[in-house]
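The shown structure was predicted, so the numbers you read here are calculated from the model rather than taken from an experiment.
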Amino acid sequence: TKQYADTMLPKAGGTMSGAIAMGGNKVTGLAAASANGDAVRYEQVVATYAEMERPSGTQSIPNGTTTVTYSTETDPSSIANTGTGQLSLTAGVWTLSYFSAVQGGDSYSHYLYAGSRTVDYGYGQTVGLNATVYLSGSTTVYAQIVNASSATTVALARLTAVRIGI
């Protein structure tokens with residue numbers, strides 16, 4: 001009857017006026033949340049992070065600019081670009097952390113980049129850089145050392161990125 005049909009939610013549109021018991025079933029095909037009040041998909045909630053590290057061994061740093069590379073990765077979110085020293089991050093708010101220890105000398109500049117933007121920098125043999133950044137789209141994050149003296153090596157380096165919220 002029409003009276004019974006009027007109590008049903010249409011397949012397109014409509015407004016709910018009560019709770020829905022899913023009986024242990026999933027809601028699938030959900031669009032990504034983009035505004036307050038939107039339902040959130042699983043991948044928008046779970047922690048997204050990666051850490052690349054050079055815990056031992058060295059990387060040669062000749063005179064000039066060198067992108068730091070790493071020998072180990074912790075990358076459950078698959079955002080590290082293996083062998084390049086770069087992380088591929090998606091839009092959102094991220095906290096970035098970089099630490100490096102250069103052997104010998106003192107004419108070193110360390111830069112932490114999000115795309116072409118310098119988000120933090122420091123000078124000297126041992127440096128820790130940190131930044132919280134908003135990325136409006138996919139961005140590559142990496143660290144570089146500028147050596148203004150004779151060739152040297154990096155003994156320890158670590159680059160970490162953690163996505164904050166969704």
Margin query: Using a 3.5 Å distance criterion without hydrogens, assess whether the side chain of Asn63 forms a donor-acceptor pair with backbone atoms of Ser149.
Written below: yes
Item checked: Contact check, side chains of Thr160 and Tyr49, non-hydrogen atoms, under 4.5 Å -> no
Item checked: Step-by-step side-chain contact (heavy atoms from CB on, under 4.5 Å) determination, Ile79 to Arg163 -> CA-CA 11 Å; Ile79 58 176; Arg163 187 173 182 171; over 6 Å; no
Notebook entry, point to check: How long is the gap from CG on Leu159 to OG on Ser97, to the nearest 0.5 Å?
Noted result: 8.0 Å
Margin query: What's the separation between atom CG in Leu89 and atom OG1 in Thr140, rounded to the nearest 0.5 Å?
Written below: 8.0 Å
Next item on the list: Check side chain to side chain donor-acceptor pair (under 3.5 Å) between Thr58 and all other residues, then give those that pass, not counting sequence neighbours.
Entry: none
Notebook entry, point to check: Would you say Thr84's side chain and Gln86's backbone share a donor-acceptor pair under 3.5 angstrom?
Noted result: yes
Note to self: What's the separation between atom OH in Tyr108 and atom CD1 in Ile145, rounded to the nearest 0.5 Å?
What the structure shows: 9.0 Å
Next item on the list: Check side chain to side chain contact (heavy atoms under 4.5 Å, CB included) between Thr69 and all other residues, then give those that pass, not counting sequence neighbours.
Entry: Arg54, Gln59
Item checked: With sequence neighbours excluded, residues passing side chain to side chain donor-acceptor pair (under 3.5 Å) with Thr67 -> Gln144
Check: CD1/Ile61 to CG/Asn147 distance, rounded to the nearest 0.5 angstrom?
Finding: 7.5 Å
Next item on the list: Hey, could you give me each pair passing ring-ring contact (aromatic ring centres under 6.0 Å, His included) that has a residue in residues 129-163? Not counting sequence neighbours.
Entry: Tyr113-Tyr142
Check: Between Thr95 (side chain) and Thr132 (backbone), is there a donor-acceptor pair under 3.5 Å?
Finding: no
Checklist line | Pairwise distance CG(Leu96) to CG(Leu135) - rounded to 0.5 angstrom | finding: 7.5 Å
Margin query: Show me the pairs that pass salt bridge (charged side-chain N to carboxylate O under 4.0 Å, His left out) and involve residues 145-161, at least two apart or across chains.
Written below: Glu51-Arg158, Glu53-Arg158
Checklist line | Qualifying residues under side chain to side chain donor-acceptor pair (under 3.5 Å), relative to Ser88, sequence neighbours excluded | finding: Asn81
Next item on the list: Name all residues meeting the ring pair (Phe, Tyr, Trp, His ring centres under 6.0 Å) criterion together with Tyr70; count only those two or more places apart in sequence or in a different chain, and write none if there are none.
Entry: none
Next item on the list: Mind checking side chain to side chain contact (heavy atoms under 4.5 Å, CB included) for Ala32 and listing every partner two or more places apart, or none if nothing turns up?
Entry: Arg41, Gln44
Margin query: So, using side chain to side chain donor-acceptor pair (under 3.5 Å) as the criterion, who are the partners of Lys26 when residues are at least two apart?
Written below: none
Next item on the list: Compute whether any side-chain donor of one residue and acceptor of the other, for Thr153 and Gln103, lie under 3.5 angstrom apart.
Entry: yes
Margin query: Within this structure, what is the NE2-OH distance for the pair His110 and Tyr121, rounded to the nearest 0.5 Å?
Written below: 13.5 Å
Next item on the list: Only pairs at least two apart or in different chains count here, so list each ring-ring contact (aromatic ring centres under 6.0 Å, His included) that has a residue in residues 73-95.
Entry: none
Checklist line | Under the side chain to side chain contact (heavy atoms under 4.5 Å, CB included) test, residues paired with Ala80 that sit two or more places apart | finding: Met52, Glu73, Asp75, Leu87
Margin query: Running the 4.5 Å side-chain criterion over Ile, Leu, Val, Met, Phe, Trp and Tyr, what cluster does Leu30 land in, apart from itself?
Written below: none
